[in-house]
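Step one of this worksheet: look at the structure below.
Here is how names work: the chains are called A, B, and so on, in the same order as the sequence lines, proteins then strands, and each is numbered from 1.
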There are 2 protein chains.
Amino acid sequence: MSENKNETADRSEGPASGASQARRRAGSQAIDEVQRVFESLRNAVLDQRLPPGLQLKEQALADAFGVNRAVVRQVLSRLEVFRLVSHEPNRGVFVAHPSAAEGRDLFTARRFIEAAIVELAVERLRDADIERLRALVKREQQAYADGDLRKALRLSIDFHTKLADAVGNTVLAAFLDEIVTRTPLVVLAHRKASQPTCALSDHAQILDAIAARDVERAKALMIEHVGHLQGRLALDPGAKRSDSNIARLLGLDAVDNPI
Amino acid sequence: MSENKNETADRSEGPASGASQARRRAGSQAIDEVQRVFESLRNAVLDQRLPPGLQLKEQALADAFGVNRAVVRQVLSRLEVFRLVSHEPNRGVFVAHPSAAEGRDLFTARRFIEAAIVELAVERLRDADIERLRALVKREQQAYADGDLRKALRLSIDFHTKLADAVGNTVLAAFLDEIVTRTPLVVLAHRKASQPTCALSDHAQILDAIAARDVERAKALMIEHVGHLQGRLALDPGAKRSDSNIARLLGLDAVDNPI
DNA sequence: GACTACAATATTGTCAACAATCAGGTGCAG
DNA sequence: CTGCACCTGATTGTTGACAATATTGTAGTC
């Protein structure tokens with residue numbers, strides 16, 4: 001049911017890897033192409049490789065992924081539904097540049113959603129589920145220890161989505177997935193300084209509380225954890241104006257060319 | 001180059017109260033066509049005019065709405081993202097037939113989301129907002145009194161979405177909107193008997209509790225209200241199997257032709 | 001020198017024809 | 001009568017060409 005599985009090994013966007021047009025004679029060749037391209041772009045967002053404001057040109061994407069422009073068009077349409085890009089008629093689609101207000105809404109919603117998930121987790125998770133999540137947290141901490149920040153960030157994200165999956169409510173899992181996917185764009189647009197996006201691993205503690213079936217503590221820890229994340233961003237109402245051009249370009253060349 | 005500040009985004013557009021497409025931008029004729037057709041179909045779902053399982057053929061829709069097949073295709077793609085239709089490759093798209101499990105997930109999620117919205121409503125709503133909502137409830141009760149069930153149902157739905165809008169969190173509002181839009185399909189697929197879908201108007205009481213800034217009572221009432229709604233459906237785990245064809249067809253001819 | 005009008009280019013949006021695939025029916029053989 | 005191969009009509013999927021639009025560059029004028 002859930003169309004997004006972050007299980008897929010991060011093959012990134014391998015531009016020409018699509019050149020291997022493995023014609024599966026099973027019908028609908030391009031229909032899973034849409035899936036593939038969508039996942040690639042979603043992964044790029046999650047890894048913070050797509051700077052807000054960047055224009056995504058149809059032909060360039062089509063060439064890069066070795067697909068038709070129609071496929072790209074469909075992917076962009078889906079990305080727009082998830083607010084990952086914004087579409088300006090007759091001008092093109094641009095990587096979304098979420099406002100501070102949108103960032104605040106996102107985090108506020110996230111607190112509620114994560115609290116709900118934790119609440120269900122306490123009453124539903126089996127020991128096997130918890131063990132699996134513990135292993136995930138361990139890998140995350142190892143990645144931090146190894147200094148592999150990108151991998152650690154990704155595993156940190158995976159913890160939240162996997163926890164949601166484990167709870168078994170597809171709707172809440174999908175909502176959290178959407179929030180989590182949109183968050184990196186908020187981070188890029190409103191990071192306070194050169195803060196690491198996710199440092200301390202509160203995840204282990206949260207898991208402990210869930211294992212101990214301590215609802216209130218688990219919820220409190222999770223809400224605090226989300227608060228930590230938000231605290232590294234500048235989302236205050238009167239804060240710095242969203243800038244229009246220069247700041248965005250400054251942010252742009254700080255990241256290597258994504259495509 | 002290219003200043004694009006996308007602050008205001010339009011996503012699921014609110015309840016779509018009619019065809020108020022006053023702004024007529026020169027370009028992009030068909031792009032708001034997509035919007036229009038999407039809203040029409042979404043309204044059809046909200047009014048329970050689309051029986052789960054019905055096939056939506058591209059050419060038929062194109063003819064019915066007087067648009068290109070490409071437009072229809074884009075609309076169907078968006079509907080699929082919202083789980084309002086299900087797409088079977090090389091076969092077509094069909095009005096979604098949510099399983100009982102999906103229905104349960106939907107209602108469980110809804111309880112959390114509505115509770116969150118109520119919680120924010122208590123601390124954020126101004127008197128003017130509450131007055132506006134009271135007027136809405138009044139119209140709803142009047143519709144019931146007039147025996148206009150369809151209108152009453154629609155106003156009842158509007159109460160929830162408008163309350164979410166008033167709270168001002170775009171993310172939570174969008175989530176509730178998605179839930180509310182998917183619910184009618186669950187109702188059609190799993191209605192217990194010939195139950196009216198929404199009878200008693202707890203809405204007034206909920207509003208009173210919000211106006212009195214009584215968070216706990218407001219939340220409790222809202223959760224109870226959602227529980228009432230769910231109670232009219234047969235979503236129990238071991239309940240009647242989701243059937244595959246016959247029940248779907250039975251549900252089909254019970255409703256007049258949707259297009 | 002700055003501003004406007006205009007041409008050139010690049011990009012998006014639209015459309016219809018073509019190909020691939022599936023559902024249903026027909027006829028033949030057993 | 002039943003089962004299987006095949007044919008036929010209908011529907012979806014794909015592609016490329018064409019039109020509409022915005023952006024950039026250039027020249028001309030005040």
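For C:dG13, its base sits under 3.5 Å from the side chain of A:R69 at one donor and acceptor pair at least.
Here D:dG16 presents its C1' atom at 14 Å from CD of A:E58, a figure rounded to the nearest Å. Between the CD atom of A:E88 and the P atom of D:dA20 there is a distance of 23 Å, given to the nearest Å. Rounded to an integer number of Å, the gap from A:L76 CG to C:dT11 P is 14 Å. Rounded to an integer number of Å, the gap from CD of A:Q74 to P of D:dT12 is 14 Å. In this structure, the CD atom of A:Q59 is 13 Å from the C1' atom of D:dA17, given to the nearest Å. Regarding A:D63, its CG atom lies at a distance of 15 Å from the C1' atom of D:dT15, rounded to whole Å. Remark: P of C:dA10 and CD of A:Q55 are 14 Å apart, rounded to the nearest angstrom. B:K57 has its NZ atom 12 Å from the C1' atom of C:dC22, to the nearest Å.
Distances shown here put a side-chain N or O of B:H87 below 4.0 Å from the OP1 or OP2 atom of D:dG13. Close to D:dT15, at under 4.0 Å from its OP1 or OP2, lies a side-chain N or O of A:N68. Between B:N90 and D:dT12, a side-chain N or O to OP1/OP2 separation shorter than 4.0 Å is absent. For the OP1/OP2 pair of C:dG13 and a distance below 4.0 Å, the side-chain nitrogens and oxygens of A:R73 include at least one atom meeting the criterion.
Ring pair A:F175/B:F175 is parallel by interplanar angle, where below 30° counts as parallel and above 60° as perpendicular.
A salt bridge links A:R42 with A:D177: at least one charged nitrogen is closer than 4.0 Å to a carboxylate oxygen. The pair A:R36-A:E39 does not count as a salt bridge, with every side-chain nitrogen at least 4.0 angstrom from each carboxylate oxygen. A salt bridge is absent between A:R150 and A:D47; no separation between the charged side-chain nitrogens and carboxylate oxygens falls under 4.0 Å.
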